[in-house]
Amino acid sequence: MRAIRADKGAQLSLLDLQSVDTTLAQLHHRRQILPQHAAIAKLRTERVAVASDLVAAETRISDLELEQAKAEADLEPVRERLSRNQVRITNGAIADPKALSSMLEEVIHLKKRISDLEDAELDVMEQLEAALASQETLRARAARIDANLSEASADRDQQLAALEAEMGALRQQRAEIAPLIPADLLALYGKIGASHAGVGAAELRARRCTGCQLEVNAADLRAFSAAADDQVLRCEECGRILIRTAQSGL
Ligand SMILES: [Zn+2]
């Protein structure tokens, strides 16, 4: 492979580019792990559960309403029969004492039947009242979750916009720095970065590669010291492009 050469200024620009790219990667990561994402997901799950509870409550209410209507319908003919019998008893329409006695017995039976049916209807009405109250509670909870959701979404959008603005400024910086670097060096930087967690170039600082943090051995250090300024160095340990600065300790 042909050795890549780049003047000192271009190599320092590559270090600037790496710094921009590292910050961009951090912002990209921060964008993905915004706490609002998790909060919104949790609220959405809660909202789905409440919606399903609301459907169940509505079903229960309509079942109970039907049951109440049926109880009322059951009562109607019994009440009518009782009132008819009572009229006949009161106006003396029944002369036969045996028939009268049997009618009086029926009245007692009808009253008991009405009382039982009314108890049953009352029970249904109480259940219906409880179901309506529970529906109200669920609706209030749904409204609260919706409000929290829109608040969290607005919060998230605000954070995303702030990050996007920051990233936009960095992309602009990147576009200004990149042309200062020879294409072959830039390509090598991209290739190494792709397999080295986005870090293709590192500063040689105090005899240490800031990419892998390992100290350069004495022999390599001698070679680096002897290398021409425009020679592009590579870390023997991690393979990253190693940039010499005033702090390199050479
Ligand atoms: Zn290294």
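No experiment lies behind these values; they were computed from the predicted model shown. Atom set for the values below is all heavy atoms of this structure, side chains included, hydrogens, waters and symmetry mates excluded. Throughout, residue positions are numbered sequentially from 1 according to the sequence presented.
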Are [X] and [Y] side-chain neighbours, meaning at least one heavy-atom pair lies under 4.5 Å?
X: Leu43; Y: Glu46; answer: yes
X: Ile114; Y: Arg79; answer: yes
X: Asp16; Y: Leu180; answer: no
X: Leu188; Y: Arg234; answer: yes
X: Arg31; Y: Glu164; answer: yes
X: Leu104; Y: Ser101; answer: no

Side-chain ([X]) to main-chain ([Y]) donor-acceptor, under 3.5 angstrom:
X: Thr45; Y: Ala41; result: yes
X: Gln11; Y: Gln231; result: yes
X: Gln135; Y: Glu58; result: no
X: Ser134; Y: Ala130; result: no
X: Gln36; Y: Asp155; result: no
X: Thr23; Y: Ser19; result: yes
X: Arg240; Y: His196; result: yes
X: Thr59; Y: Val55; result: yes
X: Arg207; Y: Val216; result: no

Could you give the distance from [atom1] ([X]) to [atom2] ([Y]), rounded to the nearest 0.5 Å?
X: Glu215; Y: Leu204; atom1: CD; atom2: CG; result: 10.0 Å
X: Leu15; Y: Glu203; atom1: CG; atom2: CD; result: 5.5 Å
X: Ile145; Y: Ser150; atom1: CD1; atom2: OG; result: 12.0 Å
X: Glu237; Y: Leu214; atom1: CD; atom2: CG; result: 5.0 Å
X: Glu67; Y: Met125; atom1: CD; atom2: CE; result: 13.0 Å
X: Ser13; Y: Ile177; atom1: OG; atom2: CD1; result: 7.0 Å

Self-check item: Neighbour count above 12 (heavy atom, 6.0 Å) for Glu76 CD
Solution: no

Quiz item: Should we count CZ of Arg156 as having more than 12 external heavy atoms under 6.0 Å?
Solution: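 Correct, the count exceeds 12.
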
Mind checking whether [X] and [Y] sit in one hydrophobic cluster, side chains of I, L, V, M, F, W, Y counted as touching below 4.5 Å?
X: Leu117; Y: Val107; value: yes
X: Leu14; Y: Leu24; value: yes
X: Leu12; Y: Leu242; value: no

Quiz prompt | Reference residue Asp230; test salt bridge (Lys or Arg N to Asp or Glu O under 4.0 Å); the match among Lys8, Arg244, Arg5 | solution = Arg5

Quiz prompt | Sole candidate of Arg113, His109, Lys111, Glu106 that passes side-chain contact (heavy atoms from CB on, under 4.5 Å) when paired with Leu82 | solution = Lys111

Quiz item: Can you check side-chain contact (heavy atoms from CB on, under 4.5 Å) on Leu122 and Glu118, steps first, answer last?
Solution: CA-CA 6 Å; Leu122 199 64; Glu118 281 177 347; over 6 Å; no

Practice problem: Return yes if a side-chain donor-acceptor contact under 3.5 Å exists between Arg60 and Gln127, otherwise no. | Solution: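 Present: a donor and an acceptor within the cut-off.
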
